[in-house]
**Student:** 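The structure that follows is given in the form of structure tokens.
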Amino acid sequence: MANANNPIDKARALQRTLYVAAKQTPTRRFHALYDRITQPHIVREAWRQVKRNKGAAGIDGKTIADIEVYGDERMIADVCALLGEGRYRPRPVRRVLIPKPGRPSERRPLGIPGVVDRVVQTATRLVLEPLFEASFLDCSYGFRPKRSAQQALEVIRKEINGGKGWIVEVDFADYFGSIDHELLLKLVARRVSDRRVLRLLRLMLKAGAMEEGRYVSTSTGIPQGGTISPLLSNVYGHALDALFEKEMSHLGKIIRYADDLVILCRTKADAEEALAWLQRRASGLHLTLHPTKTRLVYVGDGSHGFDFLGFHIHMVMSWRYQKRYCQRWPSTRAMSSIRQRIREITAPRHKLKHPIAEIVEELNPVLRGWNIYFRTGNSARKFSQIDSYVHERLALFDSKKRQKSGRRWGKVHTNAWMATLCVYRLSGSVRYSTSATGVT
């Protein structure tokens, strides 16, 4: 039963009210939203979510623990006062470069706002998200409530099995860094007429970044790392979704997960027309398609596949039905990424002084998280390969720890030995979408 005094319930009640109102009147623009953002129960719920998600400190060096020492209610009162009096000014984000998954030689910028700035961003998202959720289309799956990458992949499987074998595989060059601030605010203003909210968003976008002690202004782009960035990226991407639905839906089906996008078509001519349209419309949104990573691929005959959201998608011949069906399993890049992470845990020589049980304890959450994401589809063979790799790495670790060489499979590091370590196993955990053949 909902508790009227519980900030979670009060926030959800407000969100439901806003969603219903926005859904009933698709053209309505909402005012008087700023006062909702500054309400203590909204800020309190935002703080609860920020604490739950943890995260690093911003440029001020203050951690979540520091805020708790300062006092939760004291911080919430400060934020409400700053927002209510119009004195809030976001600090620049702390920009760090992190390796791209599966591509350790490449780096992408991650902008980390301060803890208080994350609270303000989250409070703003709590109020604005229902308005835009009411308008977002079914083809969008990224960073949305009750939507997931697995749902997007399942739609792709069914569409390909249904005959859409020509794929427009799209890669935007620096999508998050290319988002035009003025155009984004105009898109937000289609739903929001409250000038104070638009001003608050502008302050967030223009806050800039600190990189290696140097201030960098931000005239375009939104920082990956901000709690409101996923919503704003979807507002921007929705413009593309809506245009395709209006102008080109007869050519095929578009599937978008944040900045990852594919279009599935029945014929090569349809795919070529869809790609030409996308190039024109992307330019109007100040987005650039990567010249070599954006391509057409035909998957219908099983000779080629494509990667999407970490999976490799491919048509495979069913021995039982003598017909090809769409299947998916972890991509080469995803396999490389998990192997690299396993090496990072098991290979360092300074860890040899630790008991192997501690290595397993560090390894298990990584394997469990990877399993949760990749266990749908047809991943059994890849899961077995990773289990074997984990066995090998732990055998080598144990040999080095005992000043031995090799894996010593037959004598020491047997399957029975592995069982005593209680290592999380991937094999046997695959969940097929409908059946092993992938039949729709």
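Predicted model only: the values in this text are computed from it and were never measured.
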**Student:** Under 4.5 Å between any side-chain heavy atoms of Phe397 and Ile345, yes or no?
**Tutor:** no
**Student:** Within the distance-only criterion (no hydrogens, no angle test), does the side chain of Tyr236 pair as donor or acceptor with the backbone N or O of Tyr175 below 3.5 angstrom?
**Tutor:** no
**Student:** Any pair with a residue in residues 15-65 that passes ring-ring contact (aromatic ring centres under 6.0 Å, His included), sequence neighbours left out, goes on the list, sorted by first then second residue, please.
**Tutor:** none
**Student:** Hey, does the side chain of Thr294 reach the backbone of Asp171 with a donor-acceptor pair shorter than 3.5 angstrom?
**Tutor:**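 It does hold such a pair.
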**Student:** Is there side-chain contact between Ile263 and Leu251, with heavy atoms separated by less than 4.5 Å?
**Tutor:** no
**Student:** Is a salt bridge present between Arg202 and Glu182, judged by a nitrogen-to-oxygen distance below 4.0 Å?
**Tutor:** yes
**Student:** Of all the heavy-atom pairs spanning Gly226 and Pro230, show the shortest one and how long it is.
**Tutor:**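 Residues Gly226 and Pro230, closest heavy atoms: O-CD, 3.4 Å.
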**Student:** For the rings on Trp370 and Tyr424, is their centre-to-centre separation under 6.0 Å?
**Tutor:** no
**Student:** Between Ser429 and Asn371, is any side-chain donor less than 3.5 angstrom from a side-chain acceptor?
**Tutor:**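 Yes, side-chain donor-acceptor contact under 3.5 Å.
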**Student:** Between Arg214 and Glu211, is there a side-chain N and carboxylate O pair less than 4.0 Å apart?
**Tutor:** no
**Student:** Kindly compute the distance separating CZ (Arg12) from CG (Asn6), expressed to the nearest 0.5 Å.
**Tutor:** 8.5 Å
**Student:** For Arg295, give me all partners under salt bridge (Lys or Arg N to Asp or Glu O under 4.0 Å), at least two apart in sequence or on another chain.
**Tutor:** Glu169
**Student:** Verify the distance criterion only: is there a donor paired with an acceptor across the side chains of Asp66 and Thr63 at less than 3.5 Å?
**Tutor:**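 There is such a pair between these side chains.
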**Student:** Check for me whether the distance between the ring centres of Phe143 and Tyr257 falls short of 6.0 Å.
**Tutor:** yes
**Student:** Any luck finding a side-chain donor-acceptor pair between Asp387 and Ser427 under 3.5 Å?
**Tutor:**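 There is such a pair (donor and acceptor under 3.5 Å, judged by atom type) between the side chains of Asp387 and Ser427.
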**Student:** Taking only Lys NZ, Arg NE, NH1 and NH2, and the carboxylate oxygens of Asp or Glu, determine whether Glu154 and Arg328 approach each other closer than 4.0 Å.
**Tutor:** yes
**Student:** Between Arg324 and Asp301, is there a salt bridge with N-O shorter than 4.0 Å?
**Tutor:** no
**Student:** Is it the case that the side chain of Thr218 and the backbone of Gly208 share a donor-acceptor pair, with hydrogens and angles ignored and the cut-off at 3.5 Å?
**Tutor:** yes
**Student:** Is there a donor-acceptor pair under 3.5 Å between the side chain of Arg191 and the backbone N or O of Ala22?
**Tutor:** yes
**Student:** With sequence neighbours excluded, give me every salt bridge (Lys or Arg N to Asp or Glu O under 4.0 Å) pair touching residues 236-264.
**Tutor:** Asp241-Arg256, Glu247-Arg281
**Student:** Would you call Arg95-Glu212 a salt bridge at under 4.0 Å N-O?
**Tutor:**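 A salt bridge is absent here (no side-chain N lies under 4.0 Å from a carboxylate O).
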**Student:** Looking only at atom types and distance, does a side-chain atom of Gln24 sit under 3.5 Å from a main-chain N or O of Ala21, one as donor and one as acceptor?
**Tutor:** no
**Student:** Looking at every heavy atom in both Gly305 and Val299, which two are closest together, and how far apart are they?
**Tutor:**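 Where Gly305 meets Val299 most closely, the heavy atoms are CA-CG1, 4.1 Å.
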**Student:** Once you round to the nearest 0.5 Å, how far does CD of Glu362 lie from CD1 of Ile342?
**Tutor:**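 One gets 12.0 Å once the value is rounded to the nearest 0.5 Å.
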**Student:** Is a side-chain donor or acceptor of Ser384 paired with a backbone partner of Ala380 at a separation under 3.5 angstrom?
**Tutor:** no
**Student:** If every non-hydrogen atom of Ile222 is compared with every non-hydrogen atom of Leu232, which pair is closest and at what distance?
**Tutor:** CD1-CB, 4.1 Å
**Student:** So Trp277 and Phe244, would you call those rings parallel, tilted or perpendicular, with 30° and 60° as cut-offs?
**Tutor:** perpendicular
**Student:** Report yes if the side chains of Ile386 and Lys382 come closer than 4.5 Å at any heavy-atom pair, otherwise no.
**Tutor:**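 Not touching, per the 4.5 Å side-chain cut-off.
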**Student:** Before accepting this row, confirm whether a basic side-chain N of the pair Asp194/Arg29 lies closer than 4.0 Å to the acidic partner's carboxylate O.
**Tutor:** no
